[in-house]
Visitor: 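If you scroll down you'll find the structure; I have some questions about it.
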Amino acid sequence: MKIVFALLCISMFLSLLASCKKLEYKDADKVELGNSLSPVAVTTVKNIDEITPVQGSTVEEEAVEIVLNGDQTTVSADGAAFENATLTITKAGTYLLTGTLEEGALVIDTQDSETVKLIFNGVSISNSKTSPITVINAQKRVTIHVQKNSVNKVVDTAQNKNGQYGEDAAIYSKEDLRFTGAGTLVIESKYDKGVVSKDDLEIKNGNIIIKSVGDCINGKDSVTVMGGTLSLTSIDADAIESGNNETLGKGIVTVDAGDIYISAGDDGIHAEQQLH
């Protein structure tokens with residue numbers, strides 16, 4: 001039977017556990033930390049294939065606009081290029097993405113010291129051979145901002161991978177990764193994990209729906225949830241995991257606010273060292 005957990009007083013018992021001891025929530029249906037999740041969001045987890053990307057509100061901030069249109073995608077901006085079904089961003093800045101890219105990929109590979117911000121406003125990216133989104137290098141961080149009222153979708157249908165960087169997720173990052181915005185981001189991984197950061201992973205807000213075979217959200221050093229609504233379905237693994245057990249002060253999951261709905265084959269939340 002699935003169990004409902006409330007994390008309102010988690011700090012009261014964290015002090016009873018050694019910092020190196022892993023903490024777990026098993027079979028959690030909902031972790032309550034704010035307003036309740038709307039029935040629509042819960043339903044979409046079960047019907048994830050039926051969700052259609054749509055554009056949201058007008059983006060007012062200055063950004064490089066890129067319209068994804070399969071092989072017809074063209075990029076004229078300095079710092080971005082499209083070749084062999086892959087959009088590669090090599091310079092820091094803000095990029096506004098709309099449109100569809102089937103059997104394509106988005107790659108971030110920059111040595112700039114500033115943030116790469118990706119605004120998703122009705123984006124659909126899918127790939128059956130590699131991760132649809134890969135962050136190879138980003139000296140500061142990559143932020144994925146989900147535009148208000150928009151619906152966006154990232155789907156990994158790969159059966160096996162031999163990626164150069166060990167890609168094992170629909171969104172795979174070797175660097176710090178942050179999610180913001182007031183729209184909806186749907187992530188499906190039929191290969192392994194939903195979202196992976198090999199460093200720190202932050203979710204500030206937004207409606208994020210993930211269905212994956214492996215972990216839904218995996219931040220090696222840390223996972224921090226500061227708000228938003230998360231609907232997480234992991235078939236065989238954890239919904240949220242931070243697994244660094246080698247470095248003191250890492251392997252941490254922090255949940256400050258938000259609503260988290262979980263259906264997990266293993267742990268609901270797994271923190272190798274600390275859970276706040």
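Numbers here are sequence positions counted from 1.
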Visitor: Could you check whether any side-chain heavy atom of L87 comes within less than 4.5 Å of a side-chain heavy atom of T73, counting everything from C-beta outward?
Guide: no
Visitor: Rounded at 0.5 Å granularity, tell me how far NZ in K140 sits from OG1 in T115.
Guide: 4.0 Å
Visitor: Go through it in stages, so that I can follow the logic: the residues are M226 and T224, the test is side-chain contact (heavy atoms from CB on, under 4.5 Å), and I'd like the CA-CA distance, side-chain angles, deciding distance and then a yes or no.
Guide: CA-CA 6 Å; M226 294 176 275; T224 302; 3.8 Å; yes
Visitor: What distance do I240 atom CD1 and I262 atom CD1 have between them, rounded to the nearest 0.5 Å?
Guide: 5.0 Å
Visitor: Taking the side chain as everything from C-beta on, heavy atoms only, tell me whether F82 gets closer than 4.5 Å to I66.
Guide: no
Visitor: Check the side chains of S57 and Q147 for a donor-acceptor pair under 3.5 angstrom, ignoring hydrogens and angles.
Guide: yes
Visitor: Which atom pair, heavy atoms only, marks the closest approach of A169 to S131?
Guide: O-OG, 2.6 Å
Visitor: Is there a path of hydrophobic side-chain contacts, each under 4.5 Å between heavy atoms of I/L/V/M/F/W/Y residues, joining I252 to V225?
Guide: no
Visitor: Going by heavy atoms in the side chains, are I119 and T94 under 4.5 Å from each other?
Guide: yes
Visitor: Just verifying a value: how many Å separate D156 CG and K129 NZ, rounded to the nearest 0.5 Å?
Guide: 12.0 Å
Visitor: Where the side chain of N84 meets the backbone of T86, is there a donor-acceptor pair that is under 3.5 Å apart?
Guide: no
Visitor: Around atom CG of D71, are there more than 12 heavy atoms from other residues, nucleotides or ligands closer than 6.0 Å?
Guide: no
Visitor: Does S150 reach the side chain of Q55, with side-chain heavy atoms less than 4.5 Å apart?
Guide: no
Visitor: Would a distance-only check, ignoring hydrogens and angles, find a side-chain to backbone donor-acceptor pair under 3.5 Å from K153 to I48?
Guide: yes
Visitor: Can you name the closest pair of heavy atoms from N127 and T130 and give their distance?
Guide: OD1-N, 3.0 Å
Visitor: Is there a side-chain contact between V213 and K193 in this structure, where contact means two heavy atoms from C-beta onward sitting under 4.5 Å apart?
Guide: no
Visitor: Do L230 and I203 have side chains that approach each other closer than 4.5 Å (heavy atoms only, starting at C-beta)?
Guide: yes
Visitor: Using every non-hydrogen atom in the two residues, find where S234 and G214 come nearest and quote the distance to one decimal.
Guide: OG-O, 2.8 Å
Visitor: Is E61 salt-bridged to K117, going by a charged N under 4.0 Å from an acidic O?
Guide: yes
Visitor: Taking only residues two or more places apart in sequence, or in another chain, which ones meet S173 in a side-chain contact (heavy atoms from CB on, under 4.5 Å)?
Guide: V135, E175, L177
Visitor: Transitively linked via ILVMFWY side-chain contacts under 4.5 Å: V196 with I136?
Guide: yes
Visitor: Distance-only check: which donor-acceptor pairs under 3.5 Å involve side-chain atoms of residues 95-111, not counting sequence neighbours?
Guide:
| from | atom 1 | to | atom 2 | distance (Å) |
| --- | --- | --- | --- | --- |
| Y95 | OH | K91 | O | 2.8 |
| E103 | OE1 | S128 | N | 3.4 |
| E103 | OE1 | S128 | OG | 3.1 |
| E103 | OE2 | S128 | OG | 2.7 |
| D109 | OD1 | N137 | ND2 | 2.8 |
| T110 | OG1 | T90 | O | 3.0 |
| T110 | OG1 | D112 | N | 3.0 |
| Q111 | OE1 | Q139 | NE2 | 3.1 |

Visitor: Which atom pair, heavy atoms only, marks the closest approach of K190 to D49?
Guide: NZ-OD1, 4.4 Å
Visitor: Mind listing the closest non-hydrogen atom pair of A170 and P132 along with its distance?
Guide: O-CD, 3.1 Å
Visitor: For the pair I51 and V151, evaluate side-chain contact (heavy atoms from CB on, under 4.5 Å) and give the outcome as yes or no after the intermediate values.
Guide: CA-CA 8 Å; I51 298 175; V151 178; 3.5 Å; yes
Visitor: Rounded to the nearest 0.5 Å, how far does CG of D215 lie from CD of E241?
Guide: 4.5 Å
Visitor: Is the backbone N or O of H270 less than 3.5 Å from a side-chain atom of D267, with the two atoms forming a donor-acceptor pair by type?
Guide: no
Visitor: Assess whether side-chain contact (heavy atoms from CB on, under 4.5 Å) is satisfied between F120 and L185, documenting all intermediate values.
Guide: CA-CA 9 Å; F120 283 8; L185 176 60; 4.2 Å; yes
Visitor: Taking the side chain as C-beta and beyond, is there a heavy-atom pair between D199 and K220 under 4.5 Å?
Guide: no
Visitor: Hydrophobic cluster membership, with links at side-chain heavy-atom distances under 4.5 Å among I/L/V/M/F/W/Y: are V155 and I171 in one?
Guide: no
Visitor: So if I apply the side chain to side chain contact (heavy atoms under 4.5 Å, CB included) rule between I269 and each of V223, V253, I217, D238, which one comes out positive?
Guide: V253
Visitor: Is there a side-chain contact (heavy atoms from CB on, under 4.5 Å) between I187 and V195? Walk through the geometry before answering.
Guide: CA-CA 8 Å; I187 301 168; V195 179; 3.4 Å; yes
Visitor: Hydrophobic clustering (ILVMFWY, side-chain heavy atoms < 4.5 Å, transitive) - are V54 and I209 grouped together?
Guide: yes
Visitor: Calculate, to the nearest 0.5 Å, the distance between atoms CZ and OG1 belonging to R178 and T143 respectively.
Guide: 5.5 Å
Visitor: Okay, side chain of D266, backbone of D236: is any donor-acceptor separation there less than 3.5 Å?
Guide: no
Visitor: Where is the tightest heavy-atom contact between E272 and N245, given as atom of each residue plus distance?
Guide: CG-CB, 3.2 Å
Visitor: With rounding to the nearest 0.5 angstrom, report the CG to CG distance, D168 to N218.
Guide: 7.5 Å
Visitor: Give the cluster check for V64 versus V146: same hydrophobic cluster or not, with ILVMFWY residues linked at side-chain heavy-atom distances below 4.5 Å.
Guide: yes
Visitor: With the side chain counted from C-beta on, respond yes when K250 and S222 share a heavy-atom pair under 4.5 Å apart, and no when they do not.
Guide: no
